[in-house]
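Sequence lines set the chain letters: A, B, ... in the order given, protein chains first and strands last, and positions in each chain run from 1.
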Number of protein chains: 2
Amino acid sequence: MEFNEKQIDILLAAERLFATKGFDGTSVRDIAQEANVNVAMINYYFGSKDKLLDTFFEWRVPDFMINVDELALVDNALDKVDVMVDRYVKSMSSHRKLYRVIAIESTLKQRMLISEAFKKLKIHNLDVITSIINSGIAEGVFKTGNDPILIHSMMMGTFMNFQMNQVFLQDQLGIADDDGYGKYIETTLTQFIQKTIKALLTYEK
Amino acid sequence: MEFNEKQIDILLAAERLFATKGFDGTSVRDIAQEANVNVAMINYYFGSKDKLLDTFFEWRVPDFMINVDELALVDNALDKVDVMVDRYVKSMSSHRKLYRVIAIESTLKQRMLISEAFKKLKIHNLDVITSIINSGIAEGVFKTGNDPILIHSMMMGTFMNFQMNQVFLQDQLGIADDDGYGKYIETTLTQFIQKTIKALLTYEK
DNA sequence: GTTTAAATTAAACGTTTGTTTAAATTTGCT
DNA sequence: AGCAAATTTAAACAAACGTTTAATTTAAAC
């Protein structure tokens, strides 16, 4: 999919607005104004507001796949967990606000195309986790009986919770600005998720 | 706050619709039809659509507070974790769909009243977790250096992830219906969160 | 039974919504 | 320069939005 400059302006404007006001809360006129573009251009280029959301989705989703290439270079399972979580959080964190849009809209009513693209993403990330657990079991450092789905849910949910409750958490953690919050996610939160997964996979009983 | 039968009909109708279509995606006419009520009744009783959401909130939020009384009866910290998670999941689970509405709407734009009520809820639950961790440290079974905020985020996020991705997870887990999904949450997921927190709090290094 | 207030209704209010139209402008090509 | 296609515009479209009105019905009080 190739987009011209104006189309990208629209996609970026939509991203900003969806992230703060949601899809239903954002009008095409809002988007047009934010992108400095005539209202009709949105329908001209994307067909409809719904199709804009779909296109926006396909445009961004590839960014959220965990990169497997880097993981192949790591030789022990505990370190693989660290790298996997780090890459996962970094990719999500770099499109923080967008990810909230995806997560919210994919759960609402029949946003089927979105759900499909999102499903592929989750299955891919799930596969990565499964292979890491299996390699850890083969090494003898991880216990058996841990469901990758639950671990993935935990990782994803914990991260998402930081997106959804930024105002509250930023206040509770005494973080001044958005940048500081992003840094916290990429350091302390990342370490926490890494520690949690390793603790879980090595836990007796 | 006391409500008559018709007001409760409206609140329940709103709950159903908000849960599936979101706040902005639900019209007052939708709500009126779902509640078998004239459109004007909503403004008559609640003032406006926004105030309906606020009222709805205050009406439901108390249900989500973790009950502290039961925890006082438990004498060791490991069991306290089990009871706390069990009560937390049970209360959230019994208003599953609603909780998704709250979580979504409280993050969007200036839904300030909601955010405030939600904040109180989170602080209360955070306090409960903090006291459990401290009692565990005093007992010598929990390590120090674990931030209650992160543990709360993990517990809440993991649970929320199950609300947000029900369609995907139900499919992945091979669960047939909504009831089965609810059961899974109250058994397997609950145990998973319990295990994760205990693993984390007892993890070396 | 009459009076007074509360509840309920259908209709209309002015906005805003997403989308389309048809004309005007710009662009690329020969 | 001249033509055709692509782009951009302002205006209009019908539909849906949240809300209000004014009239009517129901309920409660005396």
Side-chain angles (χ1 to χ4, degrees), chain A residues 1-59 101 104-106 108-114, chain B residues 1-59 101 104-106 108-114:
Chain A
M1 241 179 318
E2 294 295 310
F3 299 108
N4 63 38
E5 199 176 330
K6 191 149 283 193
Q7 285 173 306
I8 291 179
D9 283 348
I10 294 171
L11 287 168
L12 289 172
E15 176 167 352
R16 285 192 293 274
L17 292 171
F18 290 165
T20 51
K21 302 167 64 174
F23 178 78
D24 287 317
T26 303
S27 73
V28 290
R29 284 173 181 81
D30 289 338
I31 300 170
Q33 191 175 28
E34 176 83 13
N36 289 314
V37 144
N38 188 284
V39 219
M41 297 308 292
I42 290 166
N43 290 278
Y44 176 73
Y45 275 127
F46 299 97
S48 71
K49 191 193 175 191
D50 277 301
K51 283 184 192 160
L52 167 64
L53 183 60
D54 294 336
T55 306
F56 168 71
F57 233 137
E58 294 173 33
W59 178 54
V101 185
I104 291 175
E105 297 307 331
S106 69
L108 287 176
K109 51 183 168 183
Q110 272 78 22
R111 301 271 152 78
M112 288 308 279
L113 288 180
I114 291 179
Chain B
M1 242 179 318
E2 294 297 308
F3 300 109
N4 63 39
E5 198 176 331
K6 191 148 285 191
Q7 286 173 304
I8 290 178
D9 284 347
I10 295 171
L11 288 168
L12 289 172
E15 176 168 353
R16 286 192 292 275
L17 292 171
F18 291 164
T20 52
K21 303 167 62 174
F23 179 78
D24 286 318
T26 303
S27 73
V28 289
R29 284 173 181 82
D30 289 338
I31 299 170
Q33 191 176 28
E34 176 84 11
N36 289 314
V37 146
N38 188 283
V39 219
M41 297 307 293
I42 291 165
N43 290 278
Y44 176 73
Y45 276 128
F46 299 97
S48 71
K49 191 192 175 191
D50 277 301
K51 282 184 192 160
L52 168 63
L53 183 61
D54 293 336
T55 306
F56 169 71
F57 231 140
E58 294 171 32
W59 177 54
V101 186
I104 290 174
E105 298 307 331
S106 68
L108 287 176
K109 50 182 170 183
Q110 271 79 20
R111 301 272 154 75
M112 288 307 281
L113 289 179
I114 291 179

note = Shortest non-hydrogen pair, A:Asn4 vs A:Lys6, comes out as OD1-N, 3.0 Å
task = Over 60° means perpendicular and under 30° means parallel, so classify the ring planes of A:Phe3 and A:Phe46, tilted if in between.
result = tilted
key: side chain to side chain contact (heavy atoms under 4.5 Å, CB included) partners for A:Lys51, two or more places apart   = A:Ser48
query = Heavy-atom distance under 4.5 Å between the side chains of A:Trp59 and A:Glu15, does that happen here?
reply = yes
query = Tell me, which stems hold DNA chain D, with a stem being 3 or more Watson-Crick or G-U pairs in a row and both distances under 3.5 Å?
reply = C:1-30 with D:1-30
key: Within-4.5 Å side-chain heavy-atom neighbours: A:Asn43 and A:Leu52   = no
message = With rounding to the nearest 0.5 angstrom, report the CZ to CD distance, A:Phe56 to A:Gln7.
response = 14.5 Å
task = Extract, from 5' to 3' on DNA chain C, the first and final nucleotides lying under 4.0 angstrom from some heavy atom of chain B.
result = C:dA6 to C:dA12
inquiry  = Please report the interatomic distance CD1(B:Ile31) to CG(B:Leu12), rounded to the nearest 0.5 Å.
reply    = 12.0 Å
query = Counting N and O atoms only, with roles assigned by atom type, does the side chain of A:Glu58 sit under 3.5 Å from a partner on the main chain of A:Thr55, one being a donor and the other an acceptor?
reply = no
request  = Could you note down all residue pairs passing side-chain hydrogen bond (donor to acceptor under 3.5 Å, both in side chains) where residues 30-42 of chain B supplies at least one of them, sequence neighbours left out?
outcome  = B:Arg16-B:Glu34, B:Lys21-B:Asp30, B:Ser27-B:Asp30
key: Non-neighbouring partners of A:Val28 that pass side chain to side chain contact (heavy atoms under 4.5 Å, CB included), sequence neighbours left out   = A:Val39, A:Ile42, A:Lys49
note = Its contact letters, B for base, S for sugar-phosphate only and - for none at protein heavy atoms under 4.0 Å, make nucleotides 6-11 of chain D read SBBBB-
